[in-house]
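Each remark here refers to the structure printed beneath this line.
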Amino acid sequence: MPQLALHDSLTRRTAPFVPLDPANVRVYYCGPTVYDLAHIGNLRAMLSADILVRLLRALYPTVTFVRNITDVDDKINARAAERGIPIAELTKGTIADFHADLKALSVLPPDKEPRATDHVGEMIVLIARLVQSGHAYAADGHVLFQVAHFADYGALSGRDPDELRAGARVEVAGYKRDPGDFVLWKPSTPELPGWESPWGRGRPGWHIECSAMAHRYLGESFDIHGGGDDLLFPHHENERAQSLCGWPGSGFARIWLHNAMLLVDGEKMSKSLGNFYTVREILEEHPAEALRLLLLGTHYRSVLNFTREGLAEARRTLDRFYRAIERSAPAPGAPLPPAFLDALCQDLNTPGAIAVLHRLAEAALAGDRAAGAGLRAAGGLLGLLQADPSDWFQAGLDAVAVEQAIAARLAARKARDFARADAIRAELLADGVVLEDGPSGTSWRRA
RNA sequence: GGUCCGGUGGCAGAGUGGUGAUGUAGCGGACUGCAAAUCCGCGUAUGUGGGUUCGAUUCCCGCCCGGACCUCCA
């Protein structure tokens, strides 16, 4: 087995991954705030985690993967009010949509998917610990984390606390001792979700939930914590501060992974630019597998430029891969090609791994059955190429009608009436069917 | 303004202190009645100016360009 190396945001270096407990590798990723449909940028983070966990499962006997759901948040409250529905209805529906989208993309479910609202008790316990140890203070109905009491604050995101203070561009709430102090607990109004606490009825701040849930399911120290790099600051910086102060001497996350953002047509995805895509919108027009391949075609730490052309290209690439697989019978348990695993072990180099897939496809098309089996096995680790090739090429089309047209065309060709044969082929193409004449007859697929 | 990340062929996108992957697009060819698929061949790239080095795309500095973040807040 090759040695896995990962790039740690804290040290800004790529280093060999050494699990705390090789018998149980523990991973935490920040999941969605459930107020709206997932977009392709959200998907990228979920996919990065998915590849990491799939690879870890290939390398280690047991992996515990926790990905939370944030179901208490101001954006949720606002959206529910806007739509005139109860908060619980909004979050329930959004979670169901989220799960459906991820399933379509072959993103495997986490082992634990804790919801913030189910863990407010743990959060209150942690906040109380922080207050007791002097790292947090209550003021004006809020409880705030005192940044000045954590010497290592800023280390993860590479920020100098003094500069953060000087650069504060937002008016600072009067109850804060320091502009950098952040909310652990805040008061709630009667209409909004709230829980009784030593500081009155209120609701948790954003960061505290991940600290509490990671601790509950993974312990004081665990191996990997990840998310989009927009979460690096303040979310992860604050989470780290809370956890390291709440459980002094613990390591919290040993390695931090952050995926880069996604651009659409070279620009930031935004609703005002009209280039904002939900996962669902893309899936209406393209196979989920093409979207998955496209997103894996860029290394997770590089900015990914999403285009429609790229999506079409990914689909054509899959056509070729499925052609290669079609030539060799499924071989369950086929070993993963070493070059493929090596690429993934180099900080999850999915583009490099896909390049190996191309080489395997070339060999498989030339008749190498082992390469075909290796291609399917490697594709499986990436969550690709698991469909039946005939489904990939022909699903959703009327096979009987196509076969009849092919028979008619064959008759015309035998009679050397090529004008008629070509007309039939053109009609099929207009219906989205491409014909391929080979030595063993004519086969067909969707365009 | 501050901090951080990045700029590779038409496009997408890796690796690397010593002949620059892979895909796609383009061109030529084989195969085909013609296509499609497949196969063979060809061409084009390291933003810019310095520095270190025998040698820099890779390491260092400046500049230009792109992106993220700048704390529950619009």
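No experiment lies behind these values; they were computed from the predicted model shown. Within every chain, numbering begins at 1; the chains are lettered A, B, ... in the order of the sequence lines, protein sequences first and strands thereafter. As a basis for the values below, the full set of heavy atoms in this structure was taken, side chains included, without hydrogen atoms, waters or symmetry mates.
- Comparing B/rC72, B/rA14, B/rG67 against the side chain of A/D74 picks out B/rC72 as the nearest.
- Checked against A/W256 for a ring-ring contact (aromatic ring centres under 6.0 Å, His included), the options A/H225, A/H235, A/H7 give a single hit: A/H225.
- Close to B/rU71, at under 4.0 Å from its OP1 or OP2, lies no side-chain N or O of A/K186.
- Residue A/R159 has its side chain nearest to B/rC69 when only B/rG13, B/rU71, B/rC69 are considered.
- Judged by a 6.0 Å distance limit and a 45° cone about the ring axis, A/R177 is positioned over the six-membered ring of A/Y137.
- Rounded to the nearest Å, the gap between the C1' atom of B/rG13 and that of B/rA21 is 10 Å.
- Counting to the nearest Å, the P atom of B/rU71 and the CD atom of A/E239 are 18 Å from each other.
- Residue contacts for A/G158: at a heavy-atom cut-off of 4.0 Å it reaches the sugar-phosphate backbone alone, with no base atom in range.
- Between B/rC60 and B/rU53, the two C1' atoms lie 12 Å apart (nearest whole Å).
- On the P atoms, B/rA14 is 40 Å away from B/rU32, given to the nearest whole Å.
- A/L293 has its CG atom 11 Å from the C1' atom of B/rA12, to the nearest Å.
- As a whole-Å value, the separation of A/L296 CG from B/rG13 C1' is 13 Å.
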**Study point:** Check against side-chain hydrogen bond (donor to acceptor under 3.5 Å, both in side chains), A/D437 and A/T442
**Key:** CA-CA 4 Å; A/D437 296 327; A/T442 298; 2.7 Å; yes

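- In this structure, A/P234 and A/E237 have side chains that are not in contact, with every pair of non-hydrogen atoms separated by 4.5 Å or more.
- Residue pairs meeting the ring-ring contact (aromatic ring centres under 6.0 Å, His included) criterion with at least one partner in residues 336-363 of chain A, sequence neighbours excluded, are A/F321-A/H358.
- B/rC65 and B/rU24 have their P atoms separated by 36 Å, given to the nearest Å.
- Atom CG in A/D229 sits about 8 Å away from atom C1' in B/rC5, given to the nearest Å.
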Exercise for review: Kindly determine whether A/D36 and A/R79 satisfy salt bridge (Lys or Arg N to Asp or Glu O under 4.0 Å), including the steps that lead there.
Suggested key: CA-CA 8 Å; A/D36 205 348; A/R79 181 60 57 89; 3.1 Å; yes

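- Nucleic acid contact for A/G297: sugar-phosphate only, since backbone atoms but no base atoms lie under 4.0 Å from a heavy atom of the residue.
- Taking atom C1' in both B/rA56 and B/rG50, the straight-line distance is 13 Å, to the nearest Å.
- A/D431 places its CG atom 19 Å from the P atom of B/rA36, with the value rounded to the nearest Å.
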**Study point:** Test side-chain hydrogen bond (donor to acceptor under 3.5 Å, both in side chains) applied to A/H258 and A/S9, step by step
**Key:** CA-CA 7 Å; A/H258 290 93; A/S9 304; 2.6 Å; yes

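- The listed nucleotides are B/rA37, B/rA14, B/rA68; the one nearest the side chain of A/E436 is B/rA37.
- A/L435 comes within contact range of at least one nucleobase, with a heavy-atom separation under 4.0 Å.
- Counting non-hydrogen atoms under 4.0 angstrom, A/N305 reaches the backbone sugars and phosphates but no base.
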Study note, to complete from the structure: Its dot-bracket string being built from Watson-Crick and G-U pairs below 3.5 Å, with | for another strand and [ ] for crossing, RNA chain B has the pattern (((((((..(((.....[...))).(((((.......)))))....(((((..]....))))))))))))....

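- Looking at A/R115 and A/I95, their side chains come closer than 4.5 Å, going by heavy atoms from C-beta outward.
- Taking 4.0 angstrom as the limit, A/S302 places a side-chain polar atom (N or O) nearer than this to OP1 or OP2 of B/rA14.
- Within the structure, a side-chain polar atom (N or O) of A/R323 is placed less than 4.0 Å from OP1 or OP2 of B/rU38.
- A/L231 places its CG atom 20 Å from the P atom of B/rC4, with the value rounded to the nearest Å.
- Atom name C1', nucleotides B/rG43 and B/rG10: the rounded distance is 12 Å, in whole Å.
- Distance from the side chain of A/P234 is smallest for B/rU71 among the nucleotides B/rU71, B/rC72, B/rC4.
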Revision key, fill the gap. In B/S/- notation (B base, S sugar-phosphate only, - none; protein heavy atoms under 4.0 Å), nucleotides 22-33 of chain B written 5' to 3' is SBS--------B

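- Comparing A/P351 and A/R301 by the nucleotide of RNA chain B that holds the closest heavy atom to each, the one mapping nearer the 5' end is A/R301.
- Look at the C1' atom in both B/rU57 and B/rU19: the space between them is 14 Å, to the nearest Å.
- The pair A/R54-A/D50 counts as a salt bridge, with a side-chain nitrogen and a carboxylate oxygen less than 4.0 angstrom apart.
- We find the CD-CG distance between A/E289 and A/L382 to be 10.5 Å, quoted to the nearest 0.5 Å.
- Nucleic acid contact for A/H235: none, since no nucleic acid atom lies under 4.0 Å from a heavy atom of the residue.
- As rounded to the nearest Å, B/rU46 and B/rG20 have C1' atoms that lie 8 Å from one another.
- At least one side-chain heavy atom of A/L311 sits less than 4.5 Å from a side-chain heavy atom of A/F306.
- Atom CG in A/D181 sits about 11 Å away from atom P in B/rC72, given to the nearest Å.
- For CZ of A/R420, the number of neighbouring non-hydrogen atoms (other residues, nucleotides, ligands) closer than 6.0 Å is 12 at most.
- Projected onto RNA chain B by closest heavy-atom contact, A/E309 and A/D230 fall at different nucleotides, the more 5' of which corresponds to A/E309.
- To the nearest angstrom, P of B/rA14 lies 16 Å from CG of A/L357.
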